[in-house]
2 protein chains.
Amino acid sequence: MTKPLERREKLRSDLILAAEKMIADRGLAGLKTRDLAREIGCANGAVYNLVADVDELILRVGSRTLLRLDQALSTAESAGEPSLQETLVRIALAYCDFAAENLELWRALFEHRMEADKLLPDWSIDDQLQLFRHVYEPLAALFPKRSREELGITARSLFSAVHGMVALGLEQKLVAVPLPALRKEIAGLVRAMIDGLIARAA
Amino acid sequence: MTKPLERREKLRSDLILAAEKMIADRGLAGLKTRDLAREIGCANGAVYNLVADVDELILRVGSRTLLRLDQALSTAESAGEPSLQETLVRIALAYCDFAAENLELWRALFEHRMEADKLLPDWSIDDQLQLFRHVYEPLAALFPKRSREELGITARSLFSAVHGMVALGLEQKLVAVPLPALRKEIAGLVRAMIDGLIARAA
DNA sequence: CAAGAAGCTTGAACATCGTTCAATAAATAT
DNA sequence: ATATTTATTGAACGATGTTCAAGCTTCTTG
């Protein structure tokens, strides 16, 4: 009666969900195959019937995180005053908020490093490139004369700059910055960056 | 004849140097106590006579890396035209160059995460705070009316933004950016940020 | 429906880590 | 010279990702 294909897919889905929860709770380093197996009710070795290795598992969790991040940025993109500059500020703040609310899962996106020889699957690369889109579109409206290529580069730079502020701001290594202060810094610097880009474009 | 205290310190120094080389060659994940012991000619367990654990070893290597980074930024700070804005650009580019030339050691500074319970020793925190100084000073000269606190925050934001551009730019996960292109992006965005900060200050 | 084929699941076993520790060797003190 | 303190060793421990032969389940077919 039980269809093995369905059961397999169910288990697979459970595995990814359990891994997500485990990373969220204990960080990327706290992800253990034996704990996962116990969680989803199967043998340790069975994990490798559902997934090639932990790398793939982490990538699948990362894909889910990127999807949610994408949605959060989309929401920020449309909701609020239509000024392009303020739209970019909202996106940056949404990125900051998402990182703060999903700290360990967000960190896992960047902490994870594949072994040198095996390369990222395409579906994982695609996920990541989607993110720049949110910065690209307002930027293209702001600088209609620039080429697609120039805009792409600027979009990635802007995104990276905000990422850096969030990354070092949420790091506990140094003095931890209170979240409201970090948001204010980000908003200020994004506005300054846009101002500066407009001034240089003129 | 051989003084054990000296021998110990020599071994300790060798250990840190060997760890530095190993991280530079194989990345933080490639650091293995057994390989280190063989390298410096002692037993595996002897590593723990020289250092409390690998965390401390990584921190000591990090301290050396931060020192060299500090020197590179100092050099960039003084060499070149005296315009404050261009000084900040040079510092940003020096950071980028250092990261590119010391990729694995630079990555190790940020990849390494201590276990939650034990906290960073003071000497390690001090090392890191020194870095912001290079951004703080030109910034203070550029905005003499601002308070020490405001300047500190802005300095950290600017530093973090550049860090983000370098971090994502040197990441091979996505499309690898050619180094000259990355340098150009960084210079452009730093100039824009300063322009924007000046405009908003007026 | 029964029996063999095919695939799935299991958990023990392997290799590799960081780390510890009782035993050994060395250095120093008496 | 002998005793005491200290340093060093390398075997052993516990954890971890991964593999695999053996057993079990499910499906196919006569």
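No hydrogens, no waters, no symmetry mates; every other heavy atom, side chains included, goes into these values. In the text below, chain A, chain B and the rest are named by the order of the sequence lines, each starting its count at 1.
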Fill in: Near-strand residues of residues 45-53 of chain A, defined as heavy-atom separation under 4.0 angstrom from DNA chain D
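Those residues are A:G45, A:Y48, A:D53.
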Discussion item. Expected output is a numbered-order residue list: members of residues 15-25 of chain A with a heavy atom under 4.0 Å from any atom of DNA chain D. What is it?
Written reply: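 Close to the strand, none.
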Practice prompt. Identify the two heavy atoms, one from B:M165 and one from A:S157, that lie closest to each other, and give their separation to 0.1 Å.
Written response: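 Taking every non-hydrogen atom into account, CG-O, 3.6 Å.
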Rounded distance (Å) that lies between atom [atom2] of [N] and atom [atom1] of [X]:
{"X": "B:R26", "N": "C:dC17", "atom1": "CZ", "atom2": "C1'", "result": "13 Å"}
{"X": "A:H112", "N": "D:dG17", "atom1": "NE2", "atom2": "P", "result": "13 Å"}
{"X": "A:N44", "N": "D:dT18", "atom1": "CG", "atom2": "C1'", "result": "8 Å"}
{"X": "A:R8", "N": "D:dT25", "atom1": "CZ", "atom2": "C1'", "result": "14 Å"}

Taking the side chain from [X] and the backbone from [Y], do they hold a donor-acceptor pair closer than 3.5 Å?
{"X": "B:R34", "Y": "B:N44", "answer": "no"}
{"X": "B:R8", "Y": "B:N49", "answer": "yes"}
{"X": "B:N102", "Y": "B:F98", "answer": "yes"}
{"X": "A:D53", "Y": "A:E56", "answer": "yes"}

Could you list the donor-acceptor pairs under 3.5 angstrom formed between side-chain atoms of residues 140-153 of chain B and any protein atom two or more places apart in sequence or on another chain?
residue : atom : partner : partner atom : Å
B:S147  : OG   : B:E149  : N            : 3.4
B:S147  : OG   : B:E150  : N            : 3.0
B:E150  : OE1  : B:S147  : N            : 3.2

Worksheet item: Which residues pass the side chain to side chain donor-acceptor pair (under 3.5 Å) test with A:D35, sequence neighbours left out?
Response: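 If we apply the side chain to side chain donor-acceptor pair (under 3.5 Å) test to A:D35, skipping adjacent residues, the hits are A:R26, A:R38.
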Item to complete: For A:R68 and A:Q71, test the side chains for any donor-to-acceptor distance below 3.5 angstrom and give the result as yes or no.
Response: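 Per modelled atom types, A:R68 and A:Q71 side chains form no pair under 3.5 Å.
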Would you mind writing out the side-chain donor-acceptor pairs for residues 88-95 of chain B within the sub-3.5 Å range, not counting sequence neighbours?
residue : atom : partner : partner atom : Å
B:R90   : NE   : B:A76   : O            : 2.8
B:R90   : NE   : B:A79   : O            : 2.5
B:R90   : NH1  : B:E81   : O            : 3.0
B:R90   : NH2  : B:E77   : O            : 3.3
B:R90   : NH2  : B:A79   : O            : 3.4
B:R90   : NH2  : B:E81   : O            : 3.3
B:R90   : NH2  : B:T87   : OG1          : 3.3
B:Y95   : OH   : B:W106  : NE1          : 3.0
B:Y95   : OH   : B:H163  : ND1          : 2.8

Fill in: Contact list for DNA chain C against residues 30-40 of chain B - heavy-atom distance below 4.0 Å
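The answer is B:L31, B:K32, B:T33, B:R34.
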Worksheet item: Does a side-chain N-to-carboxylate-O contact under 4.0 Å join B:K21 and B:E39?
Response: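 Judged by the 4.0 Å cut-off on N to carboxylate O distance, B:K21 and B:E39 do not form a salt bridge.
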